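What follows is a set of notes on a single structure, which appears directly below.
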Amino acid sequence: MNEQQQTLWQFMAGQSDKLLSQTLQHVGLTFISLLFAIAIGLPLGILIARKRKLSGTVLGIAGVLQTVPSIALLGFMIPVLGIGAKPAIVALLIYALLPIIRNTYTGIIGIDQHVKEAARAMGMSKSQILLKVELPLAMPVILAGIRTATVINVGVATLASFIAAGGLGEFIFGGISLNNTNMILAGAIPAALLAIILDALLSLIQKMDFKKLRKALYVFPVVILILGGFYALPTAYGSTLTAGFTPEFMGRQDGDLGLKSTYGLKIHTIVISDAVMYKAAFAKELDVISGYSTDGRLKAFDLKILDDDKHIFPPYYAAPIVREDALNKFPELEKTLNLLAGKITDSIMTDLNYKTDYLHQQPERVAKDFLISNGLYKAAKNGHNGTVRIGSKIFGEQYILAEMYSMLIKGNTDYDVATKTGLGGTKICFDALTNDQIDFYPEYTGTGLLVLLQPNLKIAKEMAHDKEKTYNYVSTEFEKKFKIKWLKPIGFNNSYALMMRQKQSKELNVNSISDLKNYLDKN
Amino acid sequence: MIELKGISKNFGDTRAVKQVSFKVSEKETLVLLGTSGCGKTTTLKMINRLIEPDEGQVLINGENVIDQDPDMLRKGIGYVMQNIGLFPHYTIAENIALVPKLLKWDKEKIKSRTEELIQKLHLPESTLTMFPHELSGGQQQRVGLARALVTDPSVLLMDEPFGALDNVTRASIQKEFKALEELKRKTIVMVTHDVQEAFELADRICLMDKGEVVQIGTPKELLYKPVNDFARNFLASQRLALEFKVVVIQDIWAYLPKESLKDGDSHSADLSVWEAMELLRNNNHSDLRITCSNQENKTINFEQLTKGFNQFQNAQVHE
Ligand SMILES: Nc1ncnc2c1ncn2[C@@H]1O[C@H](COP(=O)(O)OP(=O)(O)OP(=O)(O)O)[C@@H](O)[C@H]1O
Ligand SMILES: [Mg+2]
C-alpha cells in the first residue's frame, strides 16, 4: 500500500456516516428478524410442547433449514422475494428459528409437573396456565434461545449485503474484494462488538431473578421493536431505474466512483453480491448491474454490455503470473503456459463460462473439450520430475483456466501438478503465491494494477485505458517488487462492465453508459 | 356434601381405583387412608376432575361434577397438593392471592384475607414478600394450606398436607390445624398414609387397599369392628396408642369410681384417655375432676384411669 495508507481510526472517522448507517441497519436487521422469529418460533415451541408428537418433525425441519448455507438460502429467496430487505429478513429469521423453537419447547416441558398440576387444581384456564405459569417459568430457557438467535443473527446479517439489504457486511465484503484491511476491520470490529454486547446484555436479563425478570420482560419487546425500527426499509427510489453493484465495484475508482465522476451517472443504487446479482437483473429486480464482460451468465440471462464510451473501466487481460524461482525450478513451465497465449477471446471465454456456470458442465470437461478442439490436448505423461502447484480464485473462469494449465503441464512436461483452486480472493491468492504456497495463478492486468500495486491516482489514470501500457507497467513493477513474472496474456479482457437486459436496452434505446445517463436525466 | 358412586380409573394396565363409593356429609372430615400406591391421590383428584374417572359419578352438593366447567369447579374447591406445588416465580403473597385474583377480588379484600390467614397459620408477615424457595418445608406447607383456604371454599381436598414434615413439626401443625375454626365449617376429604394422623383428624376414615375401599367408619369402628384381617393388621402395630386416642372418658364413665369429693376446675368427658393421661402426667396433678354430659362429676387419678380403660377394653372384646 502507499499514500492511501491510513489508520483504521482515520478510515472509520472518514466513513463515520456510512459506518453509523450500516451499524444501525445491522442492528435493525438483526432485531426485526428476531422479532419475526420470536413471533413464529414461540407459538411453534408452545404448540409442540402441547402436541409432543409434532416435536420431532418441527425441530427436524427447523434444524435442516439452519444447515442450509447462508448464501444458498439468500439465493433461493431471490426468485420469490426479490432482493433487499425482505429476503434478508426471511433468511435471518429462518436461522433464528431453531434456537427459539427448541428452547421454548424444552423450557416448557422442563417445568415441574407439580407446579403445572397445582395451576390446574387452582382452576386456572389453559391460557392462564400458559401466560402465568408456563411462559414465566420457561422464560430463562427461552431467553437463552433468544440470546443464541441474536448472536447468530448478528453474524449472518453481515451476509445481507450480498442481496442489497445493507448492514456491516458492505464494509466487510467490500474490504475483502478491495484488499482494504481498514475497510474489513471497520465492518468486522463493530459487528463483533455488537455480538459481544448483545450477548452480554441478554445474559444479564437471563440471569435476573423472577422479580426483576418480570419488569425486564415488559421492556424487552419494546426494545426489540425500537431496535428493529432502525432498519428503515429501503424506500423512495431516487430514479426510475435501479442499479445493483457489488461491494467491490462500489468502492473502486474504476467502478461506481468513476461512473459518478466521469459520467455523472446518478442512479438509485443498492449493494448486492455477485452471486445473486445476475439473477436479480434477470428477475427485473435490478435494471443495471456491474458484471464482468466474460461472465457466462451474460449469455444465460440474456444481458447486454453497455458500451464504456468514456473508458473508465481499465483493461483486465488475463495472464498467468509465476514466481521467478518457480520458473527456474521448472524450466519447461513458461513455454508450456504460453501455449494458451492469445488463444481465448472474449466471446470464447464467455461461452466457456456459460458451459460451467449455466449448463453445469465440469470445468475439467470444458477445459478438455476446448484443448482438444484447438489441438492442444496431449495425454498425461505421468511425470515425476517435481510438482507444479496451480492456484485459482474462487470463480468459474479461474477453475477452467487452472484445469487447462494442469492438462497442458501434464501432457507436455514431466512435471506433476497439484491444484489449489478456490482461493478466496485476490489477496488470498496473491499471498499464497508470494509465500510459496502456489507457483502460479491466472491474474488480470487491471487487478494487478489497481488492487495489488495501487499506484497513485495519476499513474492509475494514465494507464487505465491502454492495454499495452498496463501490461508493461505491471510486468515491470511485479518483477521489481515481488520477483513475479507476468507471462503472455491469454487473450480475453475480463473487465468490469455495466449491463442491462437486452430487451430493456432495446426498449429504452440505451446502448452505452452515456445513453444511460441521458435517459436517467430525462426521466 | 360429596358423593362418589362407583368410581374407577385405570392407567393402562394399572387398575388404580376400583368401584370406590362413599359419602361425605356437610362439615365432615373423611380421611382416605392406605398404603402407598393404593389409589388415594387418584381418588381425590377425581373429585375435582384433575383426573376424569373411567366409570362412576362424583356429586358435590347433589350436582354431577361432569356437568360443570372444570375451571369453575376447581376455583370453588380448595386443594392442597401432595407436593405443595407453590409457584416458584410468585411471592408468598401472590401464591396465596392466586385464586382470589382469578375470581377478581379487589385488592383490599385480598390483602385483609391474606393477613388474616397467615396469622391463623402462624406464618410471619415477612414471608409474604419472599419466594417459596426461601421458606422451610413446614412454612411452605402452611402456604399451600393458605392458598387452598383463602377463598373460604366449603369443600376442601387435601393430599397428605403434612407429608413433608418431621414428626414433631407434624404433630404441632396437626394440632393447630384441628383448632382452626375455619376448618370446622368445611367438608373435607383428606389423604394420608399415616394412621396416627388419620385418627387425629378424621370424623370417619375410608381405609383403602389396591384401589378398593376396605372399610369406611369412625376411628372407633375401625379399631373395634375391623371388617377383615387387612383392616385389623393395618392398625395392629399402633393399636394401643390409637385406642388411648379414640376412647374418651365418656366411654369408660361406667368403669370409673363414683365418688367426687373435690370442687374446682373440671374437664369435659370428651377428653380422650390419651389427653387425660397427658394432663395427669404433665400438670403434676395427682387427680383430675371430670364432668360428664349429665353433669355428674368424678375425680380420677392415673391408676383409676388405666383400670377403667382396661375394663372398657375387655367389655369391647367380649361384646
Ligand atoms: N398418571 C399416572 N399414570 C400411570 N399410573 C399412575 C398415574 N397416577 C397414578 N398411577 C398409578 O396408580 C396407582 C395409584 O396411584 P396413587 O397416586 O393414587 O397412589 P397413592 O395412594 O396416592 O400413593 P402415595 O401414598 O404414594 O401417594 C399407582 O400404582 C400408581 O403407580
Ligand atoms: Mg398420593
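Lettering follows sequence order; numbering is per chain, from 1. Here the structure is a predicted model, which means the values were calculated and not measured.
Around NZ of B:Lys120, the count of heavy atoms belonging to other residues, nucleotides or ligands within 6.0 Å exceeds 12. The number of heavy-atom neighbours closer than 6.0 Å to NZ of B:Lys210, taken from other residues, nucleotides and ligands shown, is 12 or below. Heavy atoms from other residues, nucleotides or ligands lying under 6.0 Å from NZ of B:Lys184 number more than 12. Taking a 6.0 Å sphere around CD of B:Glu115, one finds it holds more than 12 heavy atoms contributed by other residues, nucleotides or ligands.
B:Asn83 is linked by a side-chain hydrogen bond (donor to acceptor under 3.5 Å, both in side chains) to A:His114, counting only residues two or more places apart in sequence or in another chain.
Both the backbone and the side chain of B:Pro88 come within contact range of chain A, with heavy atoms under 4.5 Å apart. With a 4.5 angstrom heavy-atom cutoff, B:Leu86 touches chain A only via backbone atoms.
In terms of non-hydrogen atom pairs under 4.5 Å with chain A, the most contact-rich of B:Met72, B:Lys45, B:Arg49 is B:Lys45.
Within residues 115-123 of chain A, the residues having any heavy atom less than 4.5 Å from a heavy atom of chain B are, in residue-number order, A:Val115, A:Glu117, A:Ala118, A:Ala119, A:Arg120, A:Ala121, A:Met122, A:Gly123. At a heavy-atom separation below 4.5 angstrom, chain B is approached by no residue within residues 33-40 of chain A.
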- Item | A:Lys132 vs B:Phe87, side-chain contact (heavy atoms from CB on, under 4.5 Å): CA-CA, chis, key distance, verdict | CA-CA 10 Å; A:Lys132 296 187 172 171; B:Phe87 291 179; 5.9 Å; no
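Note on residues 99-139 of chain B: no pairs pass ring pair (Phe, Tyr, Trp, His ring centres under 6.0 Å), not counting sequence neighbours.
The shortest heavy-atom contact between B:His89 and A:Val133 is NE2-CA, 3.8 Å.
With A:Met124 as the partner, the side-chain contact (heavy atoms from CB on, under 4.5 Å) test is satisfied by one option alone out of B:Leu98, B:Asp71, B:Val99: B:Leu98.
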